There are 2 protein chains.
Amino acid sequence: MRKTYTISDLASEFDVTTRTIRFYEEKGFLKPGREGTRRVYSPSDRTRLRLILRGKRLGLSLDESAEIVMMYGSPRNNRKQLEKLIVRIREKQTELKSQQKDLEFMLLDLQEAENNCMATLTRMDSRKSLQEKT
Amino acid sequence: MRKTYTISDLASEFDVTTRTIRFYEEKGFLKPGREGTRRVYSPSDRTRLRLILRGKRLGLSLDESAEIVMMYGSPRNNRKQLEKLIVRIREKQTELKSQQKDLEFMLLDLQEAENNCMATLTRMDSRKSLQEKT
DNA sequence: ATTTTCTTTTACGTTAACGTAAACGTAAGG
DNA sequence: CCTTACGTTTACGTTAACGTAAAAGAAAAT
């Protein structure tokens with residue numbers, strides 16, 4: 001028997017509100033089953049949610065996130081569409097790689113900032129220990 | 001003589017509107033000089049803008065971006081504040097490194113998606129060439 | 001049985017990050 | 001001098017991504 005999840009299972013697992021999950025459904029990013037009136041989420045629903053949230057953490061809009069999720073879920077049949085999809089995938093890869101660069105530079109800047117702080121602290125310490133010697 | 005920039009210099013260089021730049025000033029992230037009524041931007045203003053926009057590309061809010069910019073601009077005098085700053089810097093570094101992980105995984109997923117697409121295309125090709133042989 | 005806990009739908013409210021427009025000043029070019 | 005281009009402030013509008021509240025049903029706990 002396949003595992004399923006309630007809406008609050010997912011909400012607490014991913015630390016979002018149920019409102020958020022319902023909102024994603026409204027927008028068409030999730031299509032859970034129903035048990036009577038209650039929503040029932042499959043493992044694949046769960047994966048989709050996880051991927052959408054990952055996209056969000058990277059600063060993508062919901063639409064962008066959802067597009068990417070579609071990308072790895074869709075075994076297109078039509079050749080034209082497949083070729084278009086490949087183009088979009090490569091565009092996204094390029095964007096993300098440029099974002100990687102931004103991240104690296106920001107980390108370098110932060111490292112430098114930290115070093116400066118540490119150096120200042122060290123200078124304060126050495127001055128203090130000099131004073132103690134008097 | 002130090003170089004300066006007009007608001008539209010910066011707007012066109014970084015591909016944002018002048019409204020955006022004035023908005024950042026309203027929020028206190030930029031404090032350009034004035035020449036009469038006109039805004040005059042220094043190289044350091046320009047750098048701040050550049051860094052804020054880089055933060056935005058990474059999905060940070062303006063406040064978060066601005067906080068980071070403050071981090072590498074501020075030679076604090078007070079020891080307590082310096083220690084706090086170092087803590088914040090390390091927190092940010094941790095966040096960004098986790099974001100790096102997300103990025104890597106998303107790139108891997110996209111690579112896999114691309115491979116699948118290519119494989120499908122290849123299969124379509126081979127079937128086509130078989131048909132041509134009949 | 002009833003209180004609490006979870007769920008549902010519907011709908012209005014909120015915040016960030018600008019967009020857009022009005023109404024006006026100024027400076028340079030023809 | 002007039003137009004054209006760029007600048008200013010003020011203020012209302014917009015979109016995304018939910019938050020929040022109301023009103024009601026169902027199930028689990030006491």
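Note that this is a predicted model, so its numbers are computed, not measured. Lettering of chains follows the sequences in order, A, B, ..., and the numbering in each one begins at 1.
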By nearest-nucleotide position on DNA chain D, the 5'-leaning member of A/T20 and B/R19 is B/R19
Selection: residues 26-59 of chain B, any non-hydrogen atom under 4.0 Å of DNA chain C: B/R38, B/K56
Check whether the side chains of B/R123 and B/T120 place a donor and an acceptor atom closer than 3.5 Å, and report yes or no. yes
CG of B/L10 versus P of D/dG7: gap in Å, rounded? 10 Å
Listed partners of B/K27 passing side-chain contact (heavy atoms from CB on, under 4.5 Å), at least two apart: B/F23, B/F29, B/D63
State whether a side-chain donor-acceptor pair under 3.5 Å links A/T20 with A/T17. yes
Do A/Q111 and A/N115 have side-chain atoms, one donor and one acceptor, less than 3.5 Å apart? yes
Along DNA chain C, first and last positions that approach a heavy atom of chain A under 4.0 Å: C/dC6 to C/dA11
Do we see a donor-acceptor contact under 3.5 Å between the side chains of B/D125 and B/T122? no
For residues 101-109 of chain A, run the donor-acceptor check on the side chains, cut-off 3.5 Å, and write out each pair with its distance to 0.1 Å, sequence neighbours left out.
residue	atom	partner	partner atom	Å
A/D102	OD1	B/R57	NH2	3.0
A/D102	OD2	B/R57	NE	2.7
A/D102	OD2	B/R57	NH2	3.3
A/D109	OD2	B/R54	NH1	3.1
A/D109	OD2	B/R54	NH2	2.8

Using a 4.0 Å heavy-atom cut-off, does A/T17 contact any base of the nucleic acid, only the sugar-phosphate backbone, or nothing at all? sugar-phosphate
Can you name the residues that form a side-chain contact (heavy atoms from CB on, under 4.5 Å) with B/R48, not counting sequence neighbours? B/L30, B/V69, B/M70
Those residues that, when tested against A/M118, pass side-chain contact (heavy atoms from CB on, under 4.5 Å) (two or more places apart): A/E114, B/I86, B/R90
